[in-house]
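First up is the structure itself, then whatever we jot down about it.
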Amino acid sequence: MKLSELEKQIPLTKKKRQQREDSLASLAKQAGMPVGTLKTRIKKFMDEGNDRQLAIQKALSRPIGPQGRPRQSGR
């Protein structure tokens, strides 16, 4: 059986996408918080009048508090 020209070609491999080091997604991943939480915090700090870089630094420096409704004790 003869191979055609198309069958002889080596298939192209896809490159893996790499996140930029300074993107919000990679910064959030390093800090261990969801991207949405980081974006909300940045927006809050920018609304207070801070510039973007300072807002990002402040948002990343604060730890994530407990999520959801607190448990009822004594029941």
Side-chain angles (χ1 to χ4, degrees):
M1 183 171 138
K2 239 180 179 182
L3 294 176
S4 67
E5 290 299 319
L6 291 175
E7 293 172 338
K8 288 181 186 177
Q9 291 178 356
I10 299 171
L12 297 174
T13 56
K14 291 186 178 181
K15 290 184 181 179
K16 275 192 167 181
R17 287 184 165 197
Q18 292 195 353
Q19 289 181 344
R20 289 182 17 197
E21 295 290 325
D22 59 341
S23 70
L24 288 182
S26 64
L27 292 174
K29 193 174 189 180
Q30 290 171 3
M33 74 172 64
V35 179
T37 303
L38 179 62
K39 289 170 92 173
T40 303
R41 288 181 175 189
I42 291 171
K43 184 178 182 324
K44 184 184 81 166
F45 288 127
M46 287 180 68
D47 288 344
E48 292 175 0
N50 297 316
D51 66 324
R52 185 173 169 81
Q53 289 301 324
L54 182 63
I56 291 172
Q57 289 175 356
K58 281 185 176 181
L60 290 172
S61 66
R62 308 228 172 150
I64 298 178
Q67 301 292 315
R69 193 169 157 196
R71 294 179 180 243
Q72 296 288 328
S73 61
R75 281 195 166 187

Is it the case that over 12 heavy atoms from other parts of the model lie below 6.0 angstrom from the CD atom of Glu48?
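Yes - once you tally the heavy atoms of other residues, nucleotides and ligands closer than 6.0 Å, there are more than 12.
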
*asked:* Within the supplied structure, the quantity of interest is the number of heavy atoms (other residues, nucleotides, ligands) at a distance under 6.0 Å from Gln18 CD; does it exceed 12?
replied: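 12 or below, so no.
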
By salt bridge (charged side-chain N to carboxylate O under 4.0 Å, His left out), which residues pair with Asp47, not counting sequence neighbours?
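Applying salt bridge (charged side-chain N to carboxylate O under 4.0 Å, His left out) to Asp47 gives Lys43.
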
From CA spacing to verdict: side chain to side chain contact (heavy atoms under 4.5 Å, CB included), Arg62, Phe45: CA-CA 12 Å; Arg62 308 228 172 150; Phe45 288 127; 3.8 Å; yes

Do Lys44 and Thr40 come within less than 4.5 Å of each other through their side chains, counting heavy atoms only?
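In short, these two side chains do not touch, never coming nearer than 4.5 Å.
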
Side-chain heavy atoms under 4.5 Å apart, restricted to Ile/Leu/Val/Met/Phe/Trp/Tyr: what other residues fall into the cluster of Leu38, or is it alone?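 Hydrophobic cluster check, Leu38: joined to Leu24, Leu27, Met33, Ile42, Met46, Ile56, Leu60, Ile64.
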
- Message: Strictly by salt bridge (charged side-chain N to carboxylate O under 4.0 Å, His left out), give each pair with a member in residues 9-20 just once, sequence neighbours left out.
- Response: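 As it turns out, the salt bridge (charged side-chain N to carboxylate O under 4.0 Å, His left out) pairs with a partner in residues 9-20, which skip direct neighbours, are Arg20-Asp22.
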
In terms of heavy-atom contacts, Arg41 and Pro63 come closest through NH2-O, 3.3 Å

Item to complete: Show your reasoning for whether side chain to side chain contact (heavy atoms under 4.5 Å, CB included) applies to Gln57 and Arg52.
Response: CA-CA 9 Å; Gln57 289 175 356; Arg52 185 173 169 81; over 6 Å; no

